[in-house]
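Below is one structure; the comments refer to it alone.
All figures in this text were calculated on a predicted structure; none of them were measured in a lab. Note that ligands are numbered from 1 as they come in the structure, with each ligand's atoms numbered from 1 the same way. Values below: every heavy atom of this structure, side chains too, minus hydrogens, waters and symmetry copies.
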Amino acid sequence: MAENKKELPPKAEVTVNGNLENGFNDNPLMPWFGMDIGGTLCKLVYFEPKDITNDELNSENIRRYLTKNSAYGKSGHRDTHLQMNDVSIRDRRGTLHFIRFPTSEMGNFLSLARSKGLTNLGNIVSATGGGAYKFEEDFIKEVNMKLAKYDEFDSLIKGMLFVEASSRTECYYWANPTDDTLCAKVNYDFSNPYPFLLVNIGSGVSVLAVHGPQNYKRVSGTSIGGGTFLGLCCLLTGCNTFEEAIELATGGDNTHVDKLVRDIYGGDYERFGLPGDLVASSFGQMNSRDKRSKVSREDLARATLVTITNNIGSIARMCALQEKIEKVLFIGNFLRVNPISMKLLAYAMDYWSKGTMKALFLEHEGYFGAVGCLLQCNEVTPQS
Ligand SMILES: Nc1ncnc2c1ncn2[C@@H]1O[C@H](COP(=O)(O)OP(=O)(O)OP(=O)(O)O)[C@@H](O)[C@H]1O
Ligand SMILES: CC(C)(CO)[C@@H](O)C(=O)NCCC(=O)O
C-alpha cells in the first residue's frame, strides 16, 4: 500500500434520502458523477446509462441538459472529443461525458446546478481534490448535496487504470519528437504497466511511483507546475487564458530569452556532453536591457513554457532513476492542447536517459481523478 497514505477513517455517516448508508451503497442513485475539484480546474465526469429504469426518470432533466449541450454557463465545457461510449460500470453500460470549468467559478456552478434541479435529486456526489474539502459546506448550503470524499491519488490511479483498460488508443508516445515532419503520436501497449512513474502536472506537480493498482507512494512534487506557467505567462505577456498562453508560446522562440550553452561556450561543451543548443540558463538573456527591448510576448511565453516543462522533466527523470523505473507517464491538464511540452518531455527523457526511459501520455490527461472518484463510490468507504 501507499507508504505515506494515511489510514482511512471509519465509514462516514452520510445519508441523503436513503441513498447511502454508512457512506456507500452497492447501487447508488442516478445520476452518477465523479468530481475532481483542483486548484485551477474542476473536472466533472458524468455516466449516462444506456437504459434508464423507471426509478431513474427523476434524473432525466439533468441528463438531457448535460448531453444536449457542450457549453454550460460562461465557462463550463464538455470535451466531446473525449467522450467514451459503451463503457461498463457496476454492470451498467453507458457513456462517460467529460466536463470542466474553472474552480474559481464554483459559486456560479452551484447556482446553475440548483437552477437545473440537482438540489431535488437528493444524491451524494463523489468528489476528490482539495476542493472536495474546501467547498464541502457550500455544496450542502447551495444544493443540499453531501460530498463523499475520496483521496486524490487513489482516485487518479483507479481512474487512469480503468480508462486505459477501456481503450486501446488511450496510451501513446511521441516518435521523433524533435522533427516536425516525422514527429507522430504512436499507440503504446500499456497492458503490462508495473512499475511506472506517474507525473501529474496540474496547478502543482505530484510524482507517484506505482507498483500495483493499490501499491504506490508519492515520491516527490514541485510547486513549479501548470499554475506557475499560467501565472508567469499572464504576468509577462498580459495574456488571460491558458489557450492564449499556449498560442503565444507556439509562435515564439525561447532562444531569444534563454542563455544557451553556445552563448557561453561559443559551441558545445564537449567534455561533459552539453550541446551548444542546450539551455544553460533559463531567462538568462533577460538581464540585458537591449535583449529585453527585442523580445516578443511570444518569445516570453515560449521561454516560460520551456522553463517549466524542462524543470518537470528533470525532476521526473531523477525520480525515475532513484526508483529504478523506466516508464514515465505524464498526465494532468497542463498537457491539454500542449504538444510543445509533450514533445519536449519526450525528447528530454529519451536524450538524458540515453534511451533507457520512455515518456508516455494518455488521451484523457486531466480527467482520471474524476473518473476514479465515480468508480469508487460503491466500493470504497469515503473519507470523513
Ligand atoms: N482552460 C484552462 N484553464 C486554466 N488552466 C488550464 C486550462 N487548460 C489547461 N490548463 C492547465 O492545467 C493546469 C491545471 O491542471 P489540472 O486540472 O490537472 O490541475 P488541478 O487539479 O487544477 O490542480 P491541483 O491538482 O494541483 O490541485 C493549469 O494550471 C493550467 O496550466
Ligand atoms: C497540493 C497538490 C497535491 C494538490 O493537488 C498539488 O498541487 C501538488 O502536488 N503540489 C506540489 C506540492 C509540492 O510537493 O511541492
Mind checking whether Asn200 has an N or O less than 3.5 Å away from an N or O of ligand 1?
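No; every N/O pair is 3.5 Å or more apart.
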
Got the closest protein heavy atom to [atom], with its distance?
{"atom": "atom 8 (N) of ligand 1", "result": "Arg336 NH1, 2.6 Å"}
{"atom": "atom 3 (N) of ligand 1", "result": "Leu41 CD2, 3.7 Å"}
{"atom": "atom 30 (C) of ligand 1", "result": "Phe242 CD1, 3.6 Å"}
{"atom": "atom 23 (O) of ligand 1", "result": "Ser203 OG, 2.7 Å"}
{"atom": "atom 17 (O) of ligand 1", "result": "Lys43 NZ, 2.8 Å"}
{"atom": "atom 27 (O) of ligand 1", "result": "Gly39 N, 2.8 Å"}
{"atom": "atom 31 (O) of ligand 1", "result": "Gly226 O, 2.9 Å"}
{"atom": "atom 25 (O) of ligand 1", "result": "Glu152 OE1, 4.1 Å"}

Report, one line per pair, each donor and acceptor closer than 3.5 Å where one atom sits in a side chain of residues 95-111; sequence neighbours left out.
unit_1, atom_1, unit_2, atom_2, d
His97, ND1, Arg78, NH1, 3.4
His97, NE2, Glu48, OE1, 2.8
Arg100, NE, Asp79, OD2, 3.0
Arg100, NH2, Asp79, OD1, 3.2
Thr103, OG1, Gly38, O, 2.8
Thr103, OG1, Thr40, O, 3.3
Thr103, OG1, Leu41, N, 3.4
Thr103, OG1, Leu41, O, 3.3
Thr103, OG1, Cys42, N, 3.3
Glu105, OE1, Asn108, ND2, 2.7
Ser111, OG, Gly107, O, 3.1

Under a 3.5 Å cutoff, is there a donor and acceptor pairing between the side chains of [X] and [Y]?
{"X": "Ser155", "Y": "Gln376", "result": "yes"}
{"X": "Asp154", "Y": "Tyr216", "result": "yes"}
{"X": "Asn85", "Y": "Gln83", "result": "yes"}

Are Phe361 and Tyr188 near enough that their ring centres are under 6.0 Å apart?
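No.
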
Show me the donor-acceptor pairs within less than 3.5 Å that the side chains of residues 315-322 make with the rest of the protein, sequence neighbours left out.
none

On a heavy-atom basis, I'd like to know which of Cys42, Gly369, Gly202 is closest to atom 16 (P) of ligand 1.
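Ranked by closest heavy atom to atom 16 (P) of ligand 1, first place is Gly202.
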
Heavy-atom proximity to atom 22 (O) of ligand 1, best of Thr40, Leu156, Leu305:
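When every heavy atom of Thr40, Leu156, Leu305 is considered, Thr40 comes closest to atom 22 (O) of ligand 1.
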
Does [X] reach ligand 1, in the sense of a heavy atom lying below 4.0 Å from it?
{"X": "Gly227", "result": "yes"}
{"X": "Pro102", "result": "no"}
{"X": "His77", "result": "no"}

Can you check whether Asn338's main-chain N or O pairs, donor with acceptor, with Ser341's side chain at less than 3.5 Å?
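No; zero donor-acceptor contacts below 3.5 Å.
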
Taking non-hydrogen atoms within less than 4.0 Å of ligand 2, which protein residues qualify?
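Its neighbours under 4.0 Å (heavy atoms only) are Glu152, Phe153, Gly204, Val205, Ser206, Arg218, Gly221, Thr222, Ser223, given by chain and number.
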
Which ligand 1 atoms, with their elements, are less than 4.0 angstrom from a heavy-atom of Leu230?
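Within the 4.0 Å cut-off of Leu230, ligand 1 contributes 4 (C), 5 (N).
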
To the nearest 0.5 Å, tell me how far Tyr265 OH sits from Leu278 CG.
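Atom-to-atom, Tyr265:OH and Leu278:CG are 12.0 Å apart.
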
I'd like to check the ring-ring contact (aromatic ring centres under 6.0 Å, His included) partners of Tyr173; sequence neighbours left out, ordered by chain and number.
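Per chain and number, Tyr173 pairs via ring-ring contact (aromatic ring centres under 6.0 Å, His included) with no residue.
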
Do you know which of Arg302, Met286, Gln285 makes side chain to side chain contact (heavy atoms under 4.5 Å, CB included) with Val257?
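Among the candidates, only Met286 passes.
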
Would you check, one step at a time, whether the test side chain to side chain contact (heavy atoms under 4.5 Å, CB included) holds for Ile140 with Met145?
CA-CA 5 Å; Ile140 293 174; Met145 266 189 176; over 6 Å; no

